2 protein chains.
Amino acid sequence: MESEELRNVGLKVTTPRLKILSLLESSKAKHMTAETIYRQLSEGGEVIGLATVYRALAQFEAAGLITRHQFEGGQTVFELERGPHHDHIVCVRCGRVEEFYDKVIEDRQREIAEKLGFTLSDHALTLYGECSNGTCTAKNG
Amino acid sequence: MESEELRNVGLKVTTPRLKILSLLESSKAKHMTAETIYRQLSEGGEVIGLATVYRALAQFEAAGLITRHQFEGGQTVFELERGPHHDHIVCVRCGRVEEFYDKVIEDRQREIAEKLGFTLSDHALTLYGECSNGTCTAKNG
DNA sequence: AAGCAGATGAGAATGATTCGCAAGTGAGAA
DNA sequence: TTCTCACTTGCGAATCATTCTCATCTGCTT
Ligand SMILES: [Zn+2]
Ligand SMILES: [Zn+2]
Ligand SMILES: [Zn+2]
Ligand SMILES: [Zn+2]
């Protein structure tokens with residue numbers, strides 16, 4: 001249950017937090033903006049403030065429950081931290097986001113950091129391109 | 001001369017553009033924010049608007065003269081597009097930025113994009129970590 | 001049931017970036 | 001050189017996303 005997740009990371013179990021966490025878990029869209037979460041909850045009849053959504057997301061992130069991504073040209077999106085680490089490739093035409101994991105790249109990053117005298121703590125890798133015509137759902141031709 | 005660069009990319013040669021380009025070329029800091037550029041030019045006695053700086057940077061980027069980077073937790077920074085492509089590693093304590101290029105990673109990205117049915121057009125890779133105590137200039141201990 | 005630290009909603013405040021517009025200025029034409 | 005005009009610029013207003021303020025509310029503990 002989501003209540004457990006919140007308790008486990010030391011967050012008080014409140015209605016707004018539960019609703020946000022539930023939405024993230026049930027949504028078909030893996031990557032959501034604060035606005036989207038706010039809107040969907042509001043449309044669902046919930047009385048919740050945008051500020052609360054931002055606050056909750058920040059806390060969830062700090063607690064390691066979710067991760068934040070900043071794709072260029074778009075707003076910050078959040079996704080549940082489930083399953084193994086992965087990076088993203090974004091279609092610059094339709095916005096579709098695919099995930100991938102590449103051990104070679106992951107290992108290389110660590111080696112590079114070490115070589116440069118850094119203790120690697122995180123990384124952000126996002127590829128940009130156009131998805132194949134068959135799958136691209138871009139608005140204009 | 002900078003005038004040439006501007007002409008070559010089809011931009012009219014104007015004082016503001018020349019000043020901004022010159023600053024980018026002469027500055028010891030490779031990565032600068034629009035604000036920094038604006039402030040340094042203003043302190044140098046130039047009469048220039050912040051909006052003009054943003055406009056010029058956007059045009060320079062579109063023309064391929066500079067590249068834009070968005071390191072997490074910081075403002076957008078710009079750097080002259082000179083020399084070969086490279087990615088960055090940023091110290092989360094002192095903010096120091098080092099550059100690196102890794103062929104293995106670059107090649108891998110292309111393969112991944114292809115496998116996923118994307119035509120790769122760009123990518124953003126930034127590593128985060130702490131640089132060695134000897135070189136880190138973090139404010140607090 | 002009572003008490004309190006922490007949480008929330010609403011709206012104001014921020015900070016970065018973009019817009020709108022009247023005035024200014026390159027660069028080719030005359 | 002001067003004329004023209006589309007392109008530029010400075011300035012302030014406007015946006016947009018995100019954060020802050022604060023009075024009110026709500027989970028837990030006792
Ligand atoms: Zn993802
Ligand atoms: Zn697409
Ligand atoms: Zn660089
Ligand atoms: Zn450092």
Side-chain angles (χ1 to χ4, degrees), chain A residues 1-23 31-63 65-78, chain B residues 1-23 31-63 65-78:
Chain A
M1 181 151 355
E2 287 94 30
S3 311
E4 281 310 305
E5 283 191 88
L6 291 175
R7 254 185 229 102
N8 291 338
V9 297
L11 288 175
K12 197 180 279 188
V13 179
T14 67
T15 305
R17 287 177 185 159
L18 283 175
K19 296 294 183 185
I20 295 172
L21 204 46
S22 298
L23 210 200
H31 310 86
M32 308 178 79
T33 68
E35 274 284 338
T36 301
I37 293 172
Y38 168 71
R39 190 155 2 90
Q40 294 197 13
L41 287 178
S42 295
E43 291 174 350
E46 300 300 328
V47 176
I48 190 172
L50 218 205
T52 299
V53 174
Y54 275 105
R55 275 186 295 236
L57 290 172
Q59 295 163 326
F60 291 175
E61 186 194 16
L65 293 180
I66 64 177
T67 52
R68 159 198 313 256
H69 306 295
Q70 174 96 54
F71 301 142
E72 58 186 47
Q75 291 177 229
T76 299
V77 295
F78 300 84
Chain B
M1 183 152 353
E2 286 95 30
S3 312
E4 282 309 309
E5 284 190 87
L6 290 175
R7 256 185 229 101
N8 292 338
V9 297
L11 287 175
K12 197 179 279 190
V13 179
T14 66
T15 306
R17 287 176 184 159
L18 284 174
K19 295 294 182 183
I20 295 171
L21 205 45
S22 298
L23 210 200
H31 309 86
M32 307 179 79
T33 67
E35 275 283 338
T36 302
I37 293 172
Y38 168 70
R39 188 154 3 90
Q40 293 195 15
L41 288 178
S42 295
E43 291 173 353
E46 300 299 329
V47 174
I48 190 172
L50 218 205
T52 299
V53 174
Y54 274 105
R55 278 184 293 236
L57 289 173
Q59 295 164 326
F60 292 175
E61 186 195 16
L65 294 180
I66 64 177
T67 51
R68 161 198 311 256
H69 306 295
Q70 174 96 54
F71 300 141
E72 58 186 46
Q75 289 176 230
T76 299
V77 295
F78 299 84

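In what follows, every chain begins at residue 1, and chains take the letters A, B, ... in the order their sequences are listed. Quick caveat: nothing in here was measured; it's all calculated off a predicted structure.
- One can place NZ of B:K19 at 16 Å from C1' of C:dT25, the figure rounded to the nearest angstrom.
- In this model, no donor atom of one side chain and acceptor atom of the other lie less than 3.5 Å apart for B:R39 and B:S42.
- Regarding A:R39, its CZ atom lies at a distance of 14 Å from the C1' atom of D:dC16, rounded to whole Å.
- Side-chain proximity of B:R17 to the nucleotides C:dG26, C:dA7, D:dT8 is greatest for D:dT8.
- Counting distance only, with no hydrogens placed and no angle test, the side-chain atoms of B:R55 and the base atoms of D:dG10 include a donor-acceptor pair under 3.5 Å.
- When all heavy atoms of B:I20 and B:A56 are compared, the closest pair comes out as CD1-CB, 3.6 Å.
- One distance of note links CG of B:L65 with CG of B:L6; it measures 7.0 Å at 0.5 Å rounding.
- Comparing B:F78 and B:V13 by the nucleotide of DNA chain C that holds the closest heavy atom to each, the one mapping nearer the 5' end is B:F78.
- Rounded to a whole Å, the CG atom of B:L11 is 11 Å from the P atom of C:dA27.
- Atom CD in B:Q59 sits roughly 11 Å away from atom C1' in D:dT9 (whole-Å rounding).
- Nucleic acid contact for B:T76: sugar-phosphate only, since backbone atoms but no base atoms lie under 4.0 Å from a heavy atom of the residue.
- Using a 4.0 Å cut-off, some side-chain N or O of B:Q75 falls inside it from OP1 or OP2 of C:dT17.
- Residue B:Y54 places none of its side-chain N or O atoms closer than 4.0 Å to OP1 or OP2 of C:dT18.
- Considering every non-hydrogen atom in both B:E2 and B:S22, the closest pair reads OE1-OG, 3.2 Å.
- Between A:Q70 atom CD and D:dT18 atom C1' there is a gap of 11 Å when expressed in whole angstrom units.
- In this structure, A:Y38 atom OH and D:dT18 atom P are separated by 14 Å, rounded to whole Å.
- Listed nucleotides: C:dA27, C:dT8, C:dA5. Nearest to the side chain of A:K12: C:dA5.
- In terms of modelled atom types and a separation under 3.5 Å, the side chain of A:R68 and the main chain of A:T76 share no donor-acceptor contact.
- Closest approach to the A:T14 side chain among C:dA27, D:dT8, C:dA7 is made by C:dA7 (side chain taken as heavy atoms from C-beta onward).
- Using a 4.5 Å cut-off on side-chain heavy atoms (C-beta onward), B:Y38 and B:T33 make no contact.
- Taken residue by residue, residues 44-53 of chain B places heavy atoms nearer than 4.0 Å to DNA chain C at B:L50, B:A51.
- Distance CG (A:L21) to C1' (C:dA7): 16 Å, rounded to an integer number of Å.
- At whole-Å resolution of the value, CD1 in A:I37 and C1' in D:dA17 are 14 Å apart.
- Side-chain contact between B:Q75 and B:T36: absent, with no pair of heavy atoms (C-beta onward) separated by less than 4.5 Å.
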